[in-house]
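Because only heavy atoms are used, hydrogens play no part in the values below, and waters and symmetry mates are left out as well, while side chains stay in. Computed from a predicted model, the values in this text were never measured in an experiment. So that the names make sense, note that chain A is the first sequence line, chain B the second, and so on, each numbered from 1.
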2 protein chains.
Amino acid sequence: MTEAGSSAKERDAEAVSRFVELFAGQLTDAGMARMPARVFAALLASDDGVLTSAELGDQLRISPAAVSGAVRYLSQTHLVSREREPGSRRERYRVHNDQWYEAITNREALLRRWQSAIREGIGAVSPGSPAEHRLRETLEFFEFIEVELTEMMQRWRDKRDAADGA
Amino acid sequence: MTEAGSSAKERDAEAVSRFVELFAGQLTDAGMARMPARVFAALLASDDGVLTSAELGDQLRISPAAVSGAVRYLSQTHLVSREREPGSRRERYRVHNDQWYEAITNREALLRRWQSAIREGIGAVSPGSPAEHRLRETLEFFEFIEVELTEMMQRWRDKRDAADGA
DNA sequence: AGCTTCCTTCAGAAAGTTGTGAAGTTAAGG
DNA sequence: CCTTAACTTCACAACTTTCTGAAGGAAGCT
């Protein structure tokens with residue numbers, strides 16, 4: 001009876017489910033919608049990082065429609081990729097570490113929109129006012145962050161490559 | 001008639017309002033609740049970075065209750081600070097660039113919770129499995145980010161100090 | 001001390017969001 | 001070519017969130 005006890009040799013479905021819900025909850029708090037968060041967490045904890053629609057619906061007790069909505073969001077934001085096993089109509093969803101690290105740190109589009117909004121603001125306040133100064137500094141800050149994030153991810157890739165190569 | 005035309009010498013209340021709503025919208029998209037976002041944007045665009053409750057309610061067309069809720073959130077998250085002019089019951093809210101840069105980049109608490117959740121997950125999957133490997137790398141990534149963000153903000157402060165000192 | 005002004009809290013109405021069932025679409029497989 | 005399995009879309013119901021008006025409380029001013 002090696003698998004009946006809590007020998008920790010085998011995957012404990014219940015403990016995995018607890019993790020999935022816990023981590024999904026954190027992601028939800030951080031702003032991600034609930035279903036995408038749960039699907040993402042389930043994929044992260046899955047054995048090979050791949051699950052089918054049916055497996056997801058089954059594990060999370062949600063309808064096919066909910067799975068569909070969640071994976072659409074996740075693949076649009078590049079947190080997971082969809083695959084189709086050739087000669088099957090079963091779709092598979094995969095989480096790939098390299099991909100989703102990039103996805104969550106790629107705030108470039110967001111930062112650009114913010115910068116653009118701030119420039120609007122600079123045009124609206126009185127020239128030379130403290131408000132203008134404040135907004136200019138804010139703009140500089142966002143520009144700084146944008147560059148820094150890019151460099152940070154390059155450092156991460158280097159670190160990963162070094163670790164894998166060793 | 002210098003102020004009647006669009007000479008851009010004066011603050012254009014309507015243009016400022018457009019900026020406030022635009023930027024607040026971006027913040028809302030990024031996950032911030034609407035009222036806090038609007039209040040924050042209004043403070044950013046205000047002349048001295050200070051507004052009273054009444055001014056905020058007036059400018060944004062919202063009830064005192066809404067102002068109250070918004071500033072409670074904003075001061076809890078250190079995006080604005082509250083002041084009380086001595087000998088007045090009028091409260092004033094101030095946005096201070098240095099403070100809120102730190103606030104929005106300080107994701108330490110969040111990252112810690114994520115790390116802790118991931119550790120749970122590592123305990124739940126089969127030792128030696130790809131799932132374990134994936135979760136361990138994820139944990140490393142979050143630890144990396146935590147350090148990097150700290151260093152990034154130090155670089156920002158240095159840059160600011162250098163610019164101000166010059 | 002009492003009045004007044006301002007802020008906060010709270011219950012509830014209005015608005016928004018989410019997930020489901022059911023119908024529709026696509027493509028494999030006999 | 002028809003059947004059938006799988007995914008998607010859509011309308012709606014349940015649930016949440018949000019903002020307001022009204023009542024309550026704190027602190028200055030006379």
Side-chain angles (χ1 to χ4, degrees), chain A residues 17 20-21 23-43 46 50-77 79-95, chain B residues 17 20-21 23-43 46 50-77 79-95:
Chain A
S17 172
V20 167
E21 298 306 328
F23 191 54
Q26 311 270 19
L27 294 177
T28 302
D29 290 348
M32 189 185 281
R34 184 205 302 267
M35 286 293 142
R38 295 180 72 209
V39 166
F40 183 71
L43 278 166
S46 70
V50 181
L51 290 172
T52 66
S53 239
E55 288 168 332
L56 284 166
D58 201 49
Q59 230 180 274
L60 302 173
R61 309 299 220 79
I62 56 179
S63 70
V67 175
S68 178
V71 298
R72 177 178 37 193
Y73 171 83
L74 290 170
S75 69
Q76 270 172 4
T77 53
L79 273 88
V80 315
S81 50
R82 343 165 64 111
E83 314 180 337
R84 194 137 209 173
E85 219 176 343
S88 162
R89 61 203 107 157
R90 213 154 202 142
E91 205 124 24
R92 293 149 50 93
Y93 306 100
R94 158 167 271 131
V95 62
Chain B
S17 171
V20 167
E21 298 305 329
F23 191 54
Q26 312 269 18
L27 293 177
T28 301
D29 289 348
M32 190 185 279
R34 184 203 304 264
M35 287 292 141
R38 295 179 72 209
V39 166
F40 183 72
L43 279 166
S46 70
V50 181
L51 291 172
T52 66
S53 239
E55 288 167 332
L56 283 166
D58 201 49
Q59 230 180 274
L60 302 173
R61 310 298 219 81
I62 57 180
S63 69
V67 176
S68 178
V71 297
R72 178 178 35 192
Y73 171 83
L74 291 170
S75 69
Q76 271 172 4
T77 52
L79 274 92
V80 316
S81 50
R82 343 164 65 108
E83 314 180 337
R84 194 138 209 171
E85 220 176 341
S88 163
R89 62 206 103 153
R90 217 159 199 138
E91 205 125 25
R92 291 148 51 91
Y93 306 101
R94 159 167 269 133
V95 62

Closest to the side chain of B:E91, out of C:dC7, D:dG21, C:dA22, is C:dC7
inquiry  = Using OP1 and OP2 only, check whether a side-chain N or O of A:R90 sits under 4.0 Å from D:dA6.
reply    = yes
### Message
Please check this pair: side chain of A:R38 against backbone of A:E21, looking for a donor-acceptor N/O pair closer than 3.5 Å.
### Response
no
message = Under 4.0 Å, counting only non-hydrogen atoms across every strand here, what does A:G87 touch: a base, just sugar-phosphate, or nothing?
response = sugar-phosphate
A:E85 atom CD is separated from D:dC7 atom P, nearest whole Å, by 12 Å
For residues A:L74 and A:V95, determine if any side-chain heavy atom of one lies less than 4.5 Å from a side-chain heavy atom of the other. no
- Query: Between B:T28 and B:A24, is there a donor-acceptor pair closer than 3.5 Å when you use the side chain of the first and the backbone of the second?
  - Reply: yes
Can you check whether A:Y93 reaches A:L43 side chain to side chain, under 4.5 Å on heavy atoms?
yes
Subject >> Under-4.0 Å side-chain N/O to phosphate OP1/OP2 contact, B:R84 with D:dG28 >> reply: no
Worksheet item: Do any side-chain nitrogens or oxygens of B:R82 fall under 4.0 Å of OP1 or OP2 in C:dC6?
Response: no
From CG of B:D58 across to C1' of C:dC6 the rounded distance in Å is 15 Å
A:S63 has its side chain closest, among C:dT8, C:dG21, D:dC19, to C:dG21
Heavy-atom nearest nucleotide on DNA chain C taken for A:R89 and for A:V67; more 5' hit belongs to A:V67
Of A:S53 and B:S88, the one whose closest nucleotide on DNA chain D sits nearer the 5' end is A:S53
In whole angstroms, the gap separating C1' of C:dT17 from OH of A:Y73 amounts to 15 Å
Comparing A:R34 with A:A54, nearest DNA chain D nucleotide closer to 5' gives the residue A:A54
Between OH of B:Y93 and P of C:dT8 the distance, given in whole Å, is 5 Å
Is the number of heavy atoms from other residues, nucleotides or ligands within 6.0 Å of CZ (B:R61) greater than 12? no
Here the distance between atom C1' of C:dG21 and atom CD1 of A:I62, to the nearest Å, is 15 Å
To the nearest angstrom, the CZ-P distance between B:R61 and D:dT20 comes to 11 Å
Between CG of A:L60 and P of C:dT20 the distance, given in whole Å, is 10 Å
B:L56 atom CG is separated from C:dT8 atom P, nearest whole Å, by 12 Å
